[in-house]
Amino acid sequence: MAERVWQRMSEQLADERTEAGSPVVQVAGRAVRLVPDRGLGVAESALPAEYQRILTAVRQAAGPVSTRQIGEVLGLDTGVRGRLEPLRGKLTKLADRGWLHKRPDGKFTTRP
């Protein structure tokens, strides 16, 4: 019984997150998304500085790059897998918003 309740709650939360889109924060009394969707009129400068650094590192790579490779470029401790998970989340968020492309092999490339 508890498993069914947990499953329903998980599905409901997933649906609410899908409807809500990315998190919205208040800046100077206005609601803004932390990482906006890529689109017409949305400049790369609209991204937070850390996301801009990540995007630049992917762009400068010679081809598809792994999370570990980007971590090395950014100076992160890549010897510990747990240290790369926040970066992987940011790369995935950039891909979800249209700034990057995530390949089936888990590597990332820039979009034209």
Colleague: In this structure, which one of T92, L55, L94 forms a side chain to side chain contact (heavy atoms under 4.5 Å, CB included) with F108?
Modeller: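 Of all the options given, the one that passes is T92.
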Colleague: How about R97 and D37: do any of their side-chain heavy atoms sit closer than 4.5 Å?
Modeller: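 Heavy-atom side-chain distance check passes, below 4.5 Å.
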Colleague: Report the distance from atom CG of L91 to atom OH of Y51, rounding to the nearest 0.5 Å.
Modeller: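 The CG atom of L91 sits 9.5 Å away from the OH atom of Y51.
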Colleague: Looking only at non-hydrogen atoms, find the nearest pair between G71 and T78 and report the distance.
Modeller: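 G71 and T78 have their closest heavy atoms at C-CG2, 3.7 Å.
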Colleague: Enter the distance from K90:NZ to I70:CD1 here, rounded to the nearest 0.5 Å.
Modeller: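 Answer for the NZ-CD1 pair, K90 versus I70, is 13.5 Å.
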Colleague: Do NZ/NE/NH1/NH2 and the carboxylate oxygens of E50 and R53 come within less than 4.0 Å?
Modeller: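 R53 and E50: not salt-bridged.
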Colleague: Check D105 with R103, please: is the shortest side-chain N to carboxylate O separation under 4.0 Å?
Modeller: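 D105 and R103: salt-bridged.
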Colleague: Supply the atom-to-atom distance K107 NZ to R68 CZ, rounded to the nearest 0.5 angstrom.
Modeller: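 Reported value, rounded in 0.5 Å steps: 12.0 Å.
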Colleague: How close do P48 and V35 get, heavy atom to heavy atom, and via which atoms?
Modeller: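 Shortest heavy-atom separation between P48 and V35 comes out as CD-CG2, 4.4 Å.
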Colleague: Tell me, do V73 and V65 make a side-chain contact under 4.5 Å, heavy atoms counted?
Modeller: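 No; the side chains remain at least 4.5 Å from each other.
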Colleague: Can you tell me how far apart NZ (K102) and CG (D96) are? Round to the nearest 0.5 Å.
Modeller: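 Here the rounded value is 8.0 Å.
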Colleague: From L84 CG over to L87 CG, what is the distance, rounded to the nearest 0.5 angstrom?
Modeller: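 Taking CG in L84 and CG in L87, the distance rounds to 6.5 Å.
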Colleague: Going through the distances and angles, do T110 and R59 end up as a side-chain hydrogen bond (donor to acceptor under 3.5 Å, both in side chains)?
Modeller: CA-CA 6 Å; T110 55; R59 187 177 291 119; 5.5 Å; no
Colleague: If you look at every heavy atom in L47 and Q52, which pair is closest and at what distance?
Modeller: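 In terms of heavy atoms, the two residues are closest at O-NE2, 2.6 Å.
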Colleague: Specify the closest pair of heavy atoms between R38 and G98, including all atoms of both residues, with the distance to one decimal.
Modeller: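 Distance-wise, the nearest heavy atoms are CD-O, 3.1 Å.
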Colleague: Any side-chain to backbone donor/acceptor pair from R83 onto L76? Under 3.5 Å, distance only.
Modeller: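 No: the side chain of R83 does not pair with the backbone of L76.
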Colleague: Considering all heavy atoms of both residues, which atom of P36 and which atom of W99 are nearest to each other, and what is their separation?
Modeller: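 Shortest heavy-atom separation between P36 and W99 comes out as O-NE1, 2.8 Å.
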Colleague: Grab the two heavy atoms, one from R111 and one from L100, that are nearest each other, plus how far apart they are.
Modeller: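 Looking at all heavy atoms of both residues, the closest pair is NE-O, 3.1 Å.
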